[in-house]
There are 2 protein chains.
Amino acid sequence: MSAMTDRKPRAGQSRVTLNDVAAHVGVSAITISRALNKPALVTDSLRQRIDDAVRQLGYVPNRAARSLASARSHSVVVLVPSLSNAVFVDTLAAIHDTLYPRGYQTLIGDTRYAPQDEETLLRTYLEYNPDGILLTGFDQNDAASTLLRSADIPTVHMMELDDSGRYCVGFSQFDSGYALTRQLLDKGYRRIGFLAAQLDPRTIKRGEGYRAALREAGLYQPHREIAEAQPSSVGQGARLLDELLRQAPDCDAIFCNNDDLALGVMFECQRRHIAVPQQLAIAGFNNLEMSAWTNPALTTVATPRYAIGQVAANMLLELMAGRQPDSTTVDLGYKLLVRDST
Amino acid sequence: MSAMTDRKPRAGQSRVTLNDVAAHVGVSAITISRALNKPALVTDSLRQRIDDAVRQLGYVPNRAARSLASARSHSVVVLVPSLSNAVFVDTLAAIHDTLYPRGYQTLIGDTRYAPQDEETLLRTYLEYNPDGILLTGFDQNDAASTLLRSADIPTVHMMELDDSGRYCVGFSQFDSGYALTRQLLDKGYRRIGFLAAQLDPRTIKRGEGYRAALREAGLYQPHREIAEAQPSSVGQGARLLDELLRQAPDCDAIFCNNDDLALGVMFECQRRHIAVPQQLAIAGFNNLEMSAWTNPALTTVATPRYAIGQVAANMLLELMAGRQPDSTTVDLGYKLLVRDST
DNA sequence: GGATGCAAAGTTAGCGCTAACATAACCCCC
DNA sequence: GGGGGTTATGTTAGCGCTAACTTTGCATCC
């Protein structure tokens, strides 16, 4: 009220700044800054007037200026290998849900399973001066590792476990592959095939679990295993089944490294009139939403992807606050879901 | 060479800056800036020395400072309603592929189909001072529209068309729904059901296309239509089929608004021993990767989502460069894929 | 009633970079 | 051989904000 100039932001010119708001309210810029960032430091009535002015002028803070002045960007970079995979999308959702209320913006990068792309993305995103970084797995290439080390920014790895002292939240990929295979063995299957695509480190570790379980049972036969570097997909599942049945026609069960492969296998079985699970049992991995609804319902491994995002984000919050998390490694386990397809 | 100080960046202290590089090379900061941003302005030999120094010191530019000094952030914000939907993921990939080589970083926001979340996200992302904005559809709420207007940043809308003068790249949702229904009618189906979930504006428009086609043929019956506000999913497809068959057991075809619904319907038909397409034809929408591999293969509508991302990003590049695109609206069409499920 | 303390607001300087202008160096040509 | 142009580099200032310190105002207490 009283003698306030009523300039409204001049259209077409530069955006409204803190100084504009300050002039409008009749206080100094720092007071506006405080009212917005540390409201407790400003008297109620003044804060009220400031809030009104902000709204009236349509003030939008400039993050670049804030970041430059405070050396904190309030941004967190998350790199995932794929956005086409529901696993990572669920994790991203959890991360956003955890970080956003705490004032951190999530910057998402899709590395497409390519360490080179991951390095490039990381390099670009470091320019944003993130306060924290969330990575998938430990498969960074040398250049990326060097970047990370010299950037010296709190970092948490997701999905996998490791005891090198790096912060990580996930589950044992090896164990989960082992357990699912063990489960098939316990059900009486003896000629168990394995189909994998993409061949990222986690896929490979699950394959190792499969192999270990079969070796232990004296039933491992290399020709029952097909690993394909192409991305995982339903079509890939159908193709790989064809290939597998050609080189090992007597398989009685198949461990598909991903539910989408399993779906492709299932449809291909329908086309070939192979009864599931009577003639061929099918198991998948990840428990995608659809997997409960296939016909027959798909046996799979439920992975705690939302929880991983939550716990990793919370661990990162601790690190960004300069505190030490209780432990460097959090194992969130996995769960076998035995359904009608096995 | 010669008398260069060999200080290496002091670990633990603040990051290496342009000035550090300048001091190391023995030139002024602006020259380093130029060597990195406009290499043609610096002599080859000097640029070589600068590049070496940058590598040696591990210099990472500070985007906040750059953005503040130049009033250009080299960032583009993209808001999509969902990351669980392959449609938007493919569009995002196209956008990144188009913008990244041109020096723009893509900031991804997931609005979860909620206009309120979209507004909040937009508000936050505007703090990054994006040079351009890509939005999905036109369903921004009032506050978001006001924000957009006063921010005065080049904006392109994706997926839908509109003739209000806003820039957009997409296809006619109404027409595609109409065309698919028409196709079913031409095949001789007379009691065509419609299943929709999510009920976002695009879903609704496709439903209107369905209705128009049936009305035109004198075959529209409201009880054959079910629209559910919950997100689309395979499980939802199974549930909605149950509901539909309860209120309209004599349907001879079903238009599912999304391929994942169609997949759920297909599995549910298998469970109920309903022959597809003999007893019930099924059509989906979007042509997800899996749709070619279902049993029977799914009739669906292929949507040009990658092309939409490309064209929208290119249009945005034009706008950000201050040029006028040839037209405000680009219709990329759609394609009926008639397969065995109808 | 003046020293003390605390709360609320202000002043100053600078984060790291680049726009805009200034200068220096060199070339060309009549 | 000096005006005019071109190219390569430097100087200055400031983008919008906040950290750190300073000032002001006011209540409190012996």
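Quick note on labels: first sequence line is chain A, next is B, and so on, each numbered from 1.
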S.K.: Under a 4.5 Å cut-off applied to non-hydrogen side-chain atoms, are B:Val60 and B:Arg15 in contact?
M.R.: yes
S.K.: Could you name each residue pair satisfying ring pair (Phe, Tyr, Trp, His ring centres under 6.0 Å) that touches residues 144-168 of chain B, not counting sequence neighbours?
M.R.: B:Phe138-B:His157
S.K.: Would the distance check show the side chain of B:Asp51 and the main-chain N or O of B:Gln48 forming a donor-acceptor pair, the cut-off being under 3.5 Å?
M.R.: no
S.K.: What nucleotide, of D:dT18, C:dC15, C:dA19, holds the atom closest to the side chain of A:Ala29?
M.R.: D:dT18
S.K.: Specify the residue among B:Leu68 and B:Val42 whose closest nucleotide of DNA chain D lies further upstream toward the 5′ end.
M.R.: B:Val42
S.K.: Among residues 31-38 of chain B, which residues get a heavy atom nearer than 4.0 Å to DNA chain C?
M.R.: B:Ser33, B:Asn37, B:Lys38
S.K.: Please determine, for the side chain of B:Tyr59, which listed nucleotide (D:dT11, C:dA9, C:dC17) has the closest atom?
M.R.: C:dC17
S.K.: Measure CZ/A:Arg63 against P/C:dC17 and give the value in whole Å, please.
M.R.: 20 Å
S.K.: Can you name the nearest heavy-atom pair linking B:Leu122 to B:Ile133, along with the distance?
M.R.: CD1-CD1, 4.3 Å
S.K.: Which one, D:dT18, D:dT11, C:dG16, comes nearest to the side chain of B:Ser28?
M.R.: D:dT11
S.K.: For the helix from C:dG1-D:dC30 to C:dC30-D:dG1, what is the angle between the axes at its two ends, each from 5 pairs, rounded to 10°?
M.R.: 40°
S.K.: Expressed as a whole number of angstroms, how long is the span from A:Ile50:CD1 to C:dG10:C1'?
M.R.: 13 Å
S.K.: Which nucleotide, C:dG16, C:dT11, C:dC17, lies nearest any side-chain atom of B:Leu18?
M.R.: C:dC17
S.K.: Between P on C:dG16 and CG on B:Asp20, what's the gap in Å once rounded to a whole number?
M.R.: 9 Å
S.K.: Nearest whole Å is fine: how far is C:dT11 C1' from A:Asn19 CG?
M.R.: 13 Å
S.K.: Provide, to the nearest angstrom, the distance between the CG atom belonging to B:Asn62 and the P atom belonging to C:dC15.
M.R.: 12 Å
S.K.: Only counting residues at least two apart or in another chain, list the ones meeting ring-ring contact (aromatic ring centres under 6.0 Å, His included) with B:Tyr113.
M.R.: none
S.K.: Taking atom P of C:dG16 as reference, at what distance in whole Å does atom CG of A:Asn129 sit?
M.R.: 9 Å
S.K.: Whole angstroms only, please: what is the CG-P distance between A:Leu41 and C:dG10?
M.R.: 13 Å
S.K.: Of the listed nucleotides (C:dA9, D:dA8, D:dT11), which one gets closest to any side-chain atom of A:Thr43?
M.R.: C:dA9
S.K.: Check every atom of D:dT18, C:dT18, D:dT9 against the side chain of B:Leu46 and return the nucleotide holding the closest atom.
M.R.: D:dT9
S.K.: What side-chain donor-acceptor pairs closer than 3.5 Å can you find for residues 30-44 of chain B, not counting sequence neighbours?
M.R.:
| from | atom 1 | to | atom 2 | distance (Å) |
| --- | --- | --- | --- | --- |
| B:Thr31 | OG1 | B:Ser28 | OG | 3.3 |
| B:Asn37 | ND2 | B:Ser33 | O | 3.2 |
| B:Asp44 | OD1 | B:Arg47 | NH2 | 2.8 |

S.K.: Salt bridge or not between B:Arg49 and B:Asp52? Use side-chain N to carboxylate O under 4.0 Å.
M.R.: no
S.K.: Mind checking the CG-OG1 spacing from A:Leu317 to A:Thr98? Nearest 0.5 Å is all I need.
M.R.: 7.5 Å
S.K.: Among the candidates D:dA19, D:dG16, C:dA19, find the nucleotide nearest to the side-chain atoms of A:Ile30.
M.R.: D:dA19
S.K.: A:Tyr125 and B:Arg63: side-chain donor and acceptor closer than 3.5 Å?
M.R.: no
S.K.: Restricting to side-chain contact (heavy atoms from CB on, under 4.5 Å), what partner residues turn up for B:Glu318, sequence neighbours left out?
M.R.: B:Arg323, B:Pro325
S.K.: Measure CZ/B:Arg72 against P/C:dC17 and give the value in whole Å, please.
M.R.: 18 Å
